[in-house]
Amino acid sequence: MARITASVYTSHVPAIGAALDLGKSGEPYWQPLFAGYEPSKAWMKENTPDVIFLVYNDHANAFSLDLIPTFAIGTAASYQPADEGWGPRPVPAVEGHPALAAHIAQSVIQQDFDLTVVNAIDVDHGLTVPLSLMFGQPEAWPCKVIPFAVNVVQYPVPSGARCFALGQAIRRAVESFEEPLKVQIWGTGGMSHQLQGARAGLINADWDNAFLDRIIADPVGLSQVPHIEYVREAGSEGIELVMWLIARGAMSDIAGGPPPKVLHRFFHVPASNTAVGHLILENG
Ligand code: DHB
Ligand code: FE
């Protein structure tokens, strides 16, 4: 059977992608940020999964106010990087896993989560920047990716509790797929940031670090935090962090297994307007 080996959590700031694409990652502003991902890249080389189930949000690039799916699963064979207004990022196309994605859609919908099935979509920085951070700049991404888009852009957005329960349903779905695939689940976006309005530029490092503590050791309690606290404490775009609870809900300790091992924890302020957080948890 397929199994979830680890969960990876990371911010997705578009300027990080631009820094890599424009060859600026060694500059003093960026060097400490990329240094924080070096252990992760080394670990990924040794622990490349067959498939990444990549929970991310689209930023009105593939979707618009015309169509706002709360949860959307990509079932395509491949995905192109989106043109976000200045041309697509010069990164490889993303190869999907239609058979596993269709199985997860079937299982999760039958577990009463209403997923939107997406057979064609371009993927924006929310998906490609995490891949760049974990894999660098390869000719081709070294594994398949199932994009899973969450609406955290246009209200109403899903609660942390619902995201956490959805993660548990995704774990059951993955573990009932017959091929013995190694699957990682990634939760992306965040941490604190606000891009507009009177509080633009808001960063709350204390709240972010408490979030990191709790997603490791108190995920059930953390899942009860209401969305208004994210917005008040972590800024209007801090709500992206509910996506991390989908990945955390899919870890085996939530279903009675041993606690995950914390392989890496990193926090860095700022990258553009955002507090960058990163964790790797391995199933025990
Ligand atoms: C920034 C952060 C984001 O999460 C995003 O989607 C766009 C911009 C930023 O900090 O610049
Ligand atoms: Fe974002």
Side-chain angles (χ1 to χ4, degrees), residues 8-22 24-25 27 29-30 32-34 36-37 54-65 68-72 79 81-89 91 94 121-134 147-158 160 163 186-205 207-208 211-212 215 227 230-247 266-279:
V8 172
Y9 308 80
T10 180
S11 307
H12 67 211
V13 185
I16 294 173
L20 277 170
D21 300 343
L22 300 171
K24 296 185 174 192
S25 57
E27 291 188 357
Y29 181 87
W30 290 111
L33 182 277
F34 288 107
Y37 284 81
L54 207 160
V55 181
Y56 78 109
N57 68 292
D58 177 73
H59 300 74
N61 290 305
F63 301 123
S64 71
L65 293 183
I68 307 170
T70 304
F71 300 117
Y79 307 90
D83 183 349
E84 304 187 37
W86 45 87
R89 287 192 64 208
V91 293
V94 172
I121 189 174
D122 291 346
V123 288
D124 80 2
H125 70 269
L127 185 135
T128 63
V129 167
L131 288 176
S132 297
L133 280 167
M134 294 301 292
F148 189 87
V150 179
N151 169 43
V152 288
V153 167
Q154 177 61 39
Y155 280 77
V157 298
C163 289
W186 292 14
T188 64
M191 297 188 88
S192 57
H193 61 306
Q194 171 147 345
L195 300 176
Q196 69 264 302
R199 299 199 307 162
L202 178 147
I203 299 271
N204 187 344
W207 192 91
D208 288 335
F211 185 96
L212 291 170
I215 200 154
H227 82 270
Y230 288 84
V231 176
R232 187 174 59 231
E233 299 294 335
S236 52
E237 277 66 48
I239 191 66
E240 289 178 346
L241 282 169
V242 291
M243 296 186 288
W244 292 33
L245 285 163
I246 297 178
F266 176 64
F267 181 75
H268 176 79
V269 175
S272 185
N273 296 290
T274 299
V276 169
H278 172 42
L279 272 181

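Position 1 is the first residue of the sequence, and the numbers go up from there. Both ligands and their constituent atoms are indexed starting at 1 by order of listing. Heavy atoms only: backbone and side chains are in, while hydrogens, waters and symmetry mates are out.
Contact of the Leu241 side chain with the Trp207 side chain is registered, since non-hydrogen atoms from C-beta on lie closer than 4.5 Å. No side-chain heavy atom of Ser132 sits less than 4.5 Å from a side-chain heavy atom of Phe34. Looking at heavy atoms from C-beta onward, Leu20 lies out of side-chain contact with Trp30 at the 4.5 angstrom threshold. Proximity of Thr70 to Val150: side-chain heavy atoms (C-beta onward) are nowhere separated by under 4.5 Å.
The Fe ion (ligand 2) is closest to atom OE2 of Glu240 (considering only N, O or S atoms). Nearest to the Fe ion (ligand 2), among the N, O or S atoms that His59 has, is NE2.
Contacts with ligand 1 closer than 4.0 Å are made by no heavy atom of Glu237, backbone or side chain. Using a 4.0 Å cut-off between heavy atoms, Pro14 contacts ligand 1 through its side chain alone, with no backbone atom that close.
Metal site remark for the Fe ion (ligand 2): Glu237 contributes no N, O or S atom at a distance under 2.8 Å. Backbone or side-chain N, O or S atoms of His12 reach the Fe ion (ligand 2) at under 2.8 Å. With a cut-off of 2.8 Å, the Fe ion (ligand 2) has no N, O or S atom of His125 in range.
The protein heavy atom nearest to atom 2 (C) of ligand 1 is Thr274 OG1, 3.3 Å. Scanning all protein heavy atoms for the shortest distance to atom 9 (C) of ligand 1 gives Ser272 OG, 3.4 Å. Looking from atom 3 (C) of ligand 1 to the surrounding protein, the closest heavy atom is His193 NE2, 3.4 Å.
Considering every non-hydrogen atom in both Gly189 and Trp244, the closest pair reads O-NE1, 3.0 Å.
Note on ring orientation: taking the six-membered ring where Trp is involved, the planes of Phe266 and His268 are parallel (angle under 30°, cut-offs 30° and 60°).
Taking the six-membered ring where the residue is Trp, the centroids of Tyr37 and His278 are separated by under 6.0 Å.
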